[in-house]
Amino acid sequence: MSKPTVVIIGATGGQGGSQRPLKARGVELVNADLDNIDSLIAAFKDATVIYAVTDFFEPFDRNPARHQLSQSSSTTPTLKHYIWSALANPRKISGGKYMIPHFVGKNIVDDFIKNNPALFAKTAFLWNTYYPSSPDKTSGKYVWLRPSSPETPILGLRPKHPMSESELTLAGKFVLSSVETLTTGDLLKSWSEVTGKEAEYVQITLKEFDRLWPKWGLEMGETLDLVTKEDLGLDFPFVTIKQAFGTFDWEL
(Lines give C-alpha, C1' and ligand atoms only; values in the text may rest on other atoms or scores of the structure.)
Protein backbone atom coordinates (compact mmCIF):
# COMPACT_ATOMS: atom_id res chain seq x y z
CA MET A 1 0.00 0.00 0.00
CA SER A 2 1.42 3.40 -0.99
CA LYS A 3 1.95 6.05 1.64
CA PRO A 4 -0.64 8.85 1.84
CA THR A 5 0.26 12.21 0.34
CA VAL A 6 -0.30 15.06 2.81
CA VAL A 7 -0.46 18.61 1.43
CA ILE A 8 -0.04 21.44 3.94
CA ILE A 9 -0.89 25.01 2.99
CA GLY A 10 1.47 27.52 4.62
CA ALA A 11 4.00 24.94 5.83
CA THR A 12 6.60 27.72 6.08
CA GLY A 13 4.23 30.21 7.74
CA GLY A 14 3.23 31.06 11.29
CA GLN A 15 1.76 27.61 11.95
CA GLY A 16 4.65 25.84 10.26
CA GLY A 17 8.41 26.32 10.24
CA SER A 18 11.33 27.48 8.11
CA GLN A 19 12.28 25.82 4.81
CA ARG A 20 15.63 24.43 5.97
CA PRO A 21 14.40 21.93 8.62
CA LEU A 22 11.44 20.96 6.43
CA LYS A 23 13.73 20.05 3.52
CA ALA A 24 16.01 18.16 5.92
CA ARG A 25 13.03 15.99 6.89
CA GLY A 26 12.35 15.16 3.24
CA VAL A 27 9.41 17.53 2.77
CA GLU A 28 8.81 18.57 -0.82
CA LEU A 29 8.11 22.31 -1.09
CA VAL A 30 5.66 23.35 -3.81
CA ASN A 31 4.62 26.86 -4.80
CA ALA A 32 0.94 27.57 -5.38
CA ASP A 33 -1.16 30.71 -5.87
CA LEU A 34 -4.01 30.80 -3.33
CA ASP A 35 -5.92 33.12 -5.67
CA ASN A 36 -5.76 30.67 -8.57
CA ILE A 37 -7.90 27.53 -8.43
CA ASP A 38 -6.00 25.83 -11.26
CA SER A 39 -2.74 26.37 -9.39
CA LEU A 40 -4.22 24.81 -6.25
CA ILE A 41 -5.71 21.85 -8.13
CA ALA A 42 -2.23 21.12 -9.52
CA ALA A 43 -0.67 21.38 -6.05
CA PHE A 44 -3.34 19.06 -4.60
CA LYS A 45 -2.80 16.34 -7.23
CA ASP A 46 -2.88 12.86 -5.62
CA ALA A 47 -3.38 14.39 -2.15
CA THR A 48 -4.86 12.08 0.47
CA VAL A 49 -4.91 14.70 3.23
CA ILE A 50 -5.05 18.49 2.84
CA TYR A 51 -4.43 20.89 5.72
CA ALA A 52 -5.80 24.30 4.72
CA VAL A 53 -4.70 27.41 6.58
CA THR A 54 -5.15 30.99 5.41
CA ASP A 55 -3.25 34.26 5.44
CA PHE A 56 -4.17 36.22 8.58
CA PHE A 57 -3.74 39.60 6.85
CA GLU A 58 -6.00 38.86 3.86
CA PRO A 59 -9.17 40.44 5.30
CA PHE A 60 -7.32 43.73 5.81
CA ASP A 61 -5.92 44.38 2.33
CA ARG A 62 -7.61 42.19 -0.30
CA ASN A 63 -10.34 39.69 -1.01
CA PRO A 64 -9.63 36.45 0.87
CA ALA A 65 -8.67 33.35 -1.11
CA ARG A 66 -10.34 30.97 1.32
CA HIS A 67 -13.07 29.75 -1.02
CA GLN A 68 -10.49 28.76 -3.61
CA LEU A 69 -8.90 26.38 -1.09
CA SER A 70 -12.14 24.57 -0.37
CA GLN A 71 -13.34 24.59 -3.97
CA SER A 72 -10.11 23.13 -5.32
CA SER A 73 -9.97 20.56 -2.50
CA SER A 74 -13.49 19.38 -3.31
CA THR A 75 -12.34 18.49 -6.85
CA THR A 76 -9.42 16.32 -5.65
CA PRO A 77 -10.58 12.72 -6.29
CA THR A 78 -7.95 11.12 -4.03
CA LEU A 79 -8.84 13.27 -1.00
CA LYS A 80 -9.87 11.38 2.13
CA HIS A 81 -9.38 13.98 4.85
CA TYR A 82 -9.70 17.76 4.60
CA ILE A 83 -8.46 19.60 7.70
CA TRP A 84 -9.78 23.15 7.68
CA SER A 85 -8.11 25.61 10.08
CA ALA A 86 -11.30 27.14 11.41
CA LEU A 87 -12.28 29.49 14.23
CA ALA A 88 -15.33 30.09 16.39
CA ASN A 89 -18.13 32.33 15.10
CA PRO A 90 -18.05 35.42 17.36
CA ARG A 91 -20.85 37.15 15.46
CA LYS A 92 -23.23 34.25 16.04
CA ILE A 93 -22.09 33.64 19.63
CA SER A 94 -22.43 37.31 20.60
CA GLY A 95 -25.70 37.84 18.78
CA GLY A 96 -24.07 40.21 16.29
CA LYS A 97 -22.17 42.27 18.89
CA TYR A 98 -18.67 41.24 17.80
CA MET A 99 -17.35 41.04 14.24
CA ILE A 100 -13.72 39.85 14.02
CA PRO A 101 -12.61 39.90 10.34
CA HIS A 102 -10.30 36.89 10.22
CA PHE A 103 -12.82 34.87 12.24
CA VAL A 104 -15.81 35.88 10.10
CA GLY A 105 -13.91 35.16 6.87
CA LYS A 106 -13.33 31.59 8.03
CA ASN A 107 -16.94 31.28 9.17
CA ILE A 108 -18.09 31.99 5.60
CA VAL A 109 -15.99 29.07 4.38
CA ASP A 110 -17.42 26.89 7.18
CA ASP A 111 -20.83 27.42 5.59
CA PHE A 112 -19.47 26.63 2.11
CA ILE A 113 -18.06 23.32 3.36
CA LYS A 114 -21.25 22.42 5.23
CA ASN A 115 -23.23 22.98 2.02
CA ASN A 116 -20.97 20.63 0.06
CA PRO A 117 -21.96 17.15 1.32
CA ALA A 118 -19.04 15.31 -0.30
CA LEU A 119 -16.41 17.69 1.11
CA PHE A 120 -18.18 17.99 4.48
CA ALA A 121 -18.00 14.20 4.94
CA LYS A 122 -14.18 14.41 4.66
CA THR A 123 -13.73 17.56 6.76
CA ALA A 124 -12.46 18.19 10.26
CA PHE A 125 -12.79 21.76 11.53
CA LEU A 126 -9.60 22.38 13.51
CA TRP A 127 -9.61 25.15 16.12
CA ASN A 128 -5.96 26.04 16.69
CA THR A 129 -5.00 27.74 19.93
CA TYR A 130 -1.84 29.69 20.82
CA TYR A 131 1.32 28.79 18.89
CA PRO A 132 4.89 30.08 19.39
CA SER A 133 6.05 33.44 18.03
CA SER A 134 9.03 35.59 18.85
CA PRO A 135 8.75 38.86 20.85
CA ASP A 136 10.23 42.14 19.57
CA LYS A 137 13.80 43.18 20.35
CA THR A 138 14.59 46.63 21.73
CA SER A 139 16.92 48.24 24.31
CA GLY A 140 19.12 45.13 24.41
CA LYS A 141 16.31 42.80 25.44
CA TYR A 142 13.20 41.28 23.97
CA VAL A 143 9.89 42.96 24.75
CA TRP A 144 6.43 41.52 24.34
CA LEU A 145 3.80 44.25 24.12
CA ARG A 146 0.36 42.92 24.95
CA PRO A 147 -3.01 44.63 25.55
CA SER A 148 -3.75 42.21 28.38
CA SER A 149 -2.48 41.17 31.78
CA PRO A 150 0.33 38.58 31.97
CA GLU A 151 -2.16 36.52 33.97
CA THR A 152 -4.42 36.14 30.92
CA PRO A 153 -5.11 32.40 30.46
CA ILE A 154 -4.47 30.84 27.07
CA LEU A 155 -4.49 27.37 25.56
CA GLY A 156 -1.14 26.11 24.32
CA LEU A 157 -0.76 24.48 20.91
CA ARG A 158 1.74 22.16 19.24
CA PRO A 159 0.56 18.55 19.15
CA LYS A 160 2.73 16.26 17.03
CA HIS A 161 -0.10 14.42 15.27
CA PRO A 162 -3.45 16.15 15.90
CA MET A 163 -5.16 14.16 13.14
CA SER A 164 -3.75 10.68 13.80
CA GLU A 165 -7.20 9.33 14.64
CA SER A 166 -8.63 10.70 11.42
CA GLU A 167 -11.75 8.52 11.37
CA LEU A 168 -12.88 10.22 14.59
CA THR A 169 -12.65 13.70 13.09
CA LEU A 170 -14.46 13.25 9.78
CA ALA A 171 -17.99 14.36 8.88
CA GLY A 172 -17.51 17.92 10.08
CA LYS A 173 -16.22 17.30 13.61
CA PHE A 174 -14.79 20.34 15.41
CA VAL A 175 -11.40 19.61 17.00
CA LEU A 176 -9.88 21.88 19.65
CA SER A 177 -6.09 21.66 19.25
CA SER A 178 -4.71 22.33 22.72
CA VAL A 179 -2.25 20.48 24.96
CA GLU A 180 -1.91 22.76 27.98
CA THR A 181 -3.41 25.76 29.78
CA LEU A 182 -1.07 28.57 30.79
CA THR A 183 -0.94 32.37 30.99
CA THR A 184 0.56 34.81 28.51
CA GLY A 185 3.20 35.59 31.15
CA ASP A 186 4.04 31.88 31.47
CA LEU A 187 4.41 31.66 27.70
CA LEU A 188 6.98 34.47 27.59
CA LYS A 189 8.84 32.94 30.55
CA SER A 190 9.06 29.62 28.70
CA TRP A 191 10.42 31.39 25.62
CA SER A 192 13.13 33.08 27.72
CA GLU A 193 14.14 29.82 29.41
CA VAL A 194 14.43 27.97 26.10
CA THR A 195 16.27 30.70 24.15
CA GLY A 196 18.36 32.07 27.04
CA LYS A 197 17.27 35.60 26.07
CA GLU A 198 16.01 38.17 28.54
CA ALA A 199 12.44 39.20 27.86
CA GLU A 200 10.06 41.72 29.38
CA TYR A 201 6.27 41.56 29.36
CA VAL A 202 4.86 45.06 28.89
CA GLN A 203 1.13 45.59 29.24
CA ILE A 204 -0.29 48.44 27.17
CA THR A 205 -3.81 49.62 26.40
CA LEU A 206 -5.81 48.25 23.51
CA LYS A 207 -5.74 51.72 21.93
CA GLU A 208 -1.94 51.81 22.11
CA PHE A 209 -1.73 48.28 20.71
CA ASP A 210 -3.93 49.25 17.77
CA ARG A 211 -1.85 52.39 17.15
CA LEU A 212 1.30 50.26 16.87
CA TRP A 213 -0.36 47.70 14.59
CA PRO A 214 -3.33 49.44 12.90
CA LYS A 215 -6.50 47.43 12.26
CA TRP A 216 -5.24 43.97 13.18
CA GLY A 217 -3.95 45.24 16.53
CA LEU A 218 -7.52 45.99 17.57
CA GLU A 219 -8.72 42.66 16.31
CA MET A 220 -6.05 40.60 18.05
CA GLY A 221 -6.38 42.61 21.24
CA GLU A 222 -10.10 41.94 21.42
CA THR A 223 -9.58 38.21 21.01
CA LEU A 224 -7.64 38.19 24.29
CA ASP A 225 -10.52 40.08 26.19
CA LEU A 226 -15.31 21.15 21.09
CA VAL A 227 -13.41 18.21 20.84
CA THR A 228 -10.34 17.58 23.02
CA LYS A 229 -7.44 15.15 22.64
CA GLU A 230 -9.03 12.98 25.35
CA ASP A 231 -12.26 12.77 23.35
CA LEU A 232 -10.23 11.63 20.34
CA GLY A 233 -8.36 9.03 22.38
CA LEU A 234 -4.97 10.53 21.51
CA ASP A 235 -2.56 9.13 24.09
CA PHE A 236 0.77 9.56 22.27
CA PRO A 237 3.36 12.18 23.41
CA PHE A 238 2.48 15.81 22.74
CA VAL A 239 4.82 18.78 22.57
CA THR A 240 4.28 21.64 25.03
CA ILE A 241 4.78 25.32 24.21
CA LYS A 242 8.15 25.32 26.00
CA GLN A 243 9.31 22.23 24.13
CA ALA A 244 8.12 23.75 20.86
CA PHE A 245 10.21 26.88 21.48
CA GLY A 246 13.25 24.60 21.67
CA THR A 247 12.58 23.11 18.21
CA PHE A 248 12.64 26.46 16.38
CA ASP A 249 15.71 28.03 14.80
CA TRP A 250 15.15 31.55 16.15
CA GLU A 251 18.21 33.00 14.34
CA LEU A 252 18.59 35.58 17.13
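What's counted below: heavy atoms across the whole structure, side chains too, no hydrogens, waters or symmetry copies.
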Worksheet item: If you take all heavy atoms of S39 and A32, which pair is closest and at what distance?
Response: OG-CA, 3.4 Å
Worksheet item: Hey, mind stepping through E193 and S190 against side chain to side chain donor-acceptor pair (under 3.5 Å) and telling me if it holds?
Response: CA-CA 5 Å; E193 292 175 350; S190 292; 4.9 Å; no
Worksheet entry | Closest heavy-atom pair and its distance - A47, V7 | CB-CG2, 3.6 Å
Practice prompt. Determine the minimum heavy-atom distance between F120 and I113, stating which atoms define it.
Written response: CB-O, 3.4 Å
Discussion item. Show the nearest heavy-atom pair for residues Y82 and A52, with the distance to one decimal.
Written reply: OH-CB, 3.4 Å
Worksheet item: Is the backbone of S149 close enough, under 3.5 Å, to the side chain of T184 for a donor and an acceptor to pair up by distance?
Response: yes
Worksheet item: With distance as the sole test, does T183 use its side chain to make a donor-acceptor pair with the main-chain N or O of D186 at under 3.5 Å?
Response: yes
Worksheet item: CG of L87 to CG of D110: how many Å apart, nearest 0.5 Å?
Response: 8.5 Å
Discussion item. Within the structure provided, determine whether L145 and L212 are in side-chain contact (heavy-atom separation under 4.5 Å).
Written reply: yes
Item to complete: Report the C-alpha separation of T78 and T76 in whole Å, then their side-chain angles, then the decisive distance to 0.1 Å, and conclude whether the side chain to side chain contact (heavy atoms under 4.5 Å, CB included) test is met.
Response: CA-CA 6 Å; T78 54; T76 304; 3.6 Å; yes
Worksheet entry | Under 3.5 Å donor-acceptor, D210 side chain and L206 backbone | no
Worksheet entry | Donor-acceptor contact present, side-chain N107 to main-chain A88, <3.5 Å | yes
Worksheet entry | Residue pair I37 / I41, side-chain heavy-atom distance below 4.5 Å | yes
Practice prompt. State, yes or no, whether a side-chain contact exists between K106 and S85 at a heavy-atom distance under 4.5 Å.
Written response: yes
Fill in: Flag side-chain contact, heavy atom, 4.5 Å: I204 against V202
yes
Worksheet, complete the sentence: Checking Y201, Y142, W144 against W191 for ring-ring contact (aromatic ring centres under 6.0 Å, His included), the one that qualifies is Y142
Practice prompt. Flag the pair I50 / F44 as yes when at least one side-chain heavy-atom distance between them is below 4.5 Å, and no otherwise.
Written response: yes
Practice prompt. Report yes or no: does K122 contribute a side-chain atom to a donor-acceptor pair with the main-chain N or O of L79 at less than 3.5 Å?
Written response: yes
Practice prompt. Is it possible for you to say whether V30 and V6 belong to one hydrophobic cluster, with membership spreading through side-chain heavy-atom contacts below 4.5 Å?
Written response: no
Worksheet item: Do S192 side-chain atoms and K197 backbone N/O form a donor-acceptor pair below 3.5 Å?
Response: yes
Worksheet item: Any side-chain heavy-atom pair from W84 and V53 closer than 4.5 angstrom?
Response: no
Discussion item. Within the 4.5 Å heavy-atom criterion, are K114 and F125 side-chain neighbours or not?
Written reply: yes
Worksheet item: Within the distance-only criterion (no hydrogens, no angle test), does the side chain of T5 pair as donor or acceptor with the backbone N or O of T48 below 3.5 angstrom?
Response: no
